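These numbers come from a predicted model, not from an experiment. Numbers here are sequence positions counted from 1.
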Amino acid sequence: MTLTLITGANKGLGRETACRLVHAGHTVLLGARDVVQGKRAADEIGAEFVPLDVTDDVSVAAAADHVHTVHGRLDVLVNNAGVVGPRHPLAEVTAAEVLATLDTNLLGVVRLTHAFLPLLRASDNPRIVNVSSGTGRLTWQHESGWPQEKAPPVYSTSKAALTMLTLQYAHALPGILVNAAFPGYTATALNDHAGTQTVTEGTDAIVRLATLPPGGPTGTAQLREGVTTPW
């Protein structure tokens, strides 16, 4: 049975991804830093709860040790945990606020990938799915007239970096399918539920990339429609 770890999975896109993959037959490890909400979500979905704060090296190491001890491998890593970051005008944003956003949205992915790489290499069909965002696409920003009210600038910057990091990992990790998912404008707490898509629609690309067969694409960024989008 496919063993899948999803970070930030107690709500929103992460929870819906966990639910859909459980229904698809995966054994899902539901990672969340909030123990109460994480356990509740895992129980409701039929997943296994793993305490996990992607900004904490000790927490990430403990999660990797747990998965190694109990399962001995990991087939799919879904790096979903993310924060919106500062919403106020960029001229008022501090370096500390940018660093805090990158610590979750970018460095968290590095922490998880580094810690779980030995377990992924023990899989017959390892996959990494990084949940990025179309707001980080330079072409989208240019064509849309830099709509900061819909795409906070630090959030967009962090996702642009994550998409590039995905491409770099795909090149550096032969044998592992590494792709980025662009969920689309989905109604979640991240945007105060203003998004126009349901969480099911928003997880289409994530689920598809998490269930790729051996020999599937790597180094892509995909929309829910399944089209590899320009970086």
Side-chain angles (χ1 to χ4, degrees), residues 6-15 31-38 51-64 77-116 128-169 178 180-197 199 202 206 221 229-231:
I6 306 169
T7 66
N10 61 291
K11 61 182 179 180
L13 292 172
R15 180 190 171 107
R33 61 183 176 180
D34 188 307
V35 174
V36 174
Q37 292 186 25
L52 182 55
D53 181 347
V54 302
T55 68
D56 186 329
D57 291 331
V58 174
S59 174
V60 172
L77 172 60
V78 179
N79 287 305
N80 166 76
V83 296
V84 72
R87 296 178 182 268
H88 42 276
L90 186 57
E92 301 172 11
V93 172
T94 66
E97 290 173 315
V98 175
L99 181 59
T101 306
L102 292 173
D103 199 22
T104 297
N105 295 359
L106 185 69
L107 300 184
V109 173
V110 176
R111 290 187 185 95
L112 267 292
T113 303
H114 182 267
F116 283 89
I128 298 174
V129 183
N130 295 330
V131 181
S132 191
S133 171
T135 66
R137 292 172 55 203
L138 302 186
T139 51
W140 181 87
Q141 287 280 4
H142 177 72
E143 293 165 358
S144 302
W146 305 95
Q148 291 189 16
E149 71 280 359
K150 290 185 178 179
V154 177
Y155 174 81
S156 299
T157 300
S158 73
K159 292 301 187 177
L162 177 57
T163 303
M164 175 56 76
L165 183 66
T166 301
L167 180 62
Q168 297 293 339
Y169 272 135
V178 187
F182 289 175
Y185 194 33
T186 304
T188 67
L190 205 67
N191 55 40
D192 298 323
H193 300 280
T196 55
Q197 292 184 157
V199 287
I206 304 171
T229 184
W231 295 76

query = Is it true that a side-chain atom of Asn80 and a backbone atom of Gly8 form a donor plus acceptor pair closer than 3.5 Å?
reply = yes
request  = List for me each residue that meets side-chain contact (heavy atoms from CB on, under 4.5 Å) alongside Ala160, sequence neighbours excluded, and say none if there are none.
outcome  = none
task = Using the test side-chain hydrogen bond (donor to acceptor under 3.5 Å, both in side chains), find all partners of Thr166 that sit at least two apart in sequence or belong to another chain.
result = Asn130
task = Taking the side chain as every heavy atom from C-beta outward, state whether Thr135 and Tyr155 have any atom pair closer than 4.5 Å.
result = yes
By side-chain contact (heavy atoms from CB on, under 4.5 Å) - contacts of Ser59 (at least two apart) = Leu52, Asp53, Asp56
ask   = Listed by chain and number, what are the side-chain contact (heavy atoms from CB on, under 4.5 Å) partners of Asp57, not counting sequence neighbours?
value = Arg111
key: With sequence neighbours excluded, residues passing side-chain hydrogen bond (donor to acceptor under 3.5 Å, both in side chains) with Ser158   = Asn105
task = Looking only at non-hydrogen atoms, find the nearest pair between Gly202 and Pro183 and report the distance.
result = O-CB, 3.1 Å
ask   = Which heavy-atom pair separates Gly82 from Thr104 by the least distance, and what is that distance?
value = CA-CG2, 3.8 Å
ask   = Measuring from Asp34:CG to Asn10:CG, what's the distance to the nearest 0.5 Å?
value = 6.0 Å
task = Grab the two heavy atoms, one from Val84 and one from Pro152, that are nearest each other, plus how far apart they are.
result = CG2-CG, 3.8 Å
request  = For the pair Glu92 (side chain) and Pro89 (backbone), establish whether a donor and an acceptor sit closer than 3.5 Å, ignoring hydrogens and angles.
outcome  = no
request  = Dump the intermediate steps for side chain to side chain contact (heavy atoms under 4.5 Å, CB included) on Thr163 and Phe182, then the final yes or no.
outcome  = CA-CA 9 Å; Thr163 303; Phe182 289 175; 3.6 Å; yes
ask   = Given Ile128 and Tyr169, is the side chain to side chain contact (heavy atoms under 4.5 Å, CB included) satisfied, shown in steps?
value = CA-CA 9 Å; Ile128 298 174; Tyr169 272 135; 5.9 Å; no
Atom of Ala181, atom of Val129 and distance for their closest heavy-atom approach = CB-CG1, 4.2 Å
Spacing of Ser132 atom OG and Asn79 atom CG [to the nearest 0.5 Å] = 11.0 Å
inquiry  = Tell me if a side-chain donor or acceptor on Lys159 pairs with a main-chain N or O of Arg137 at a distance below 3.5 Å.
reply    = no
query = When rounded to the nearest 0.5 angstrom, what is the spacing between CD in Glu97 and CG in Leu90?
reply = 10.0 Å
Residues in side-chain contact (heavy atoms from CB on, under 4.5 Å) contact with Leu106, at least two apart in sequence or another chain = Leu102, Ala161, Leu162, Leu165
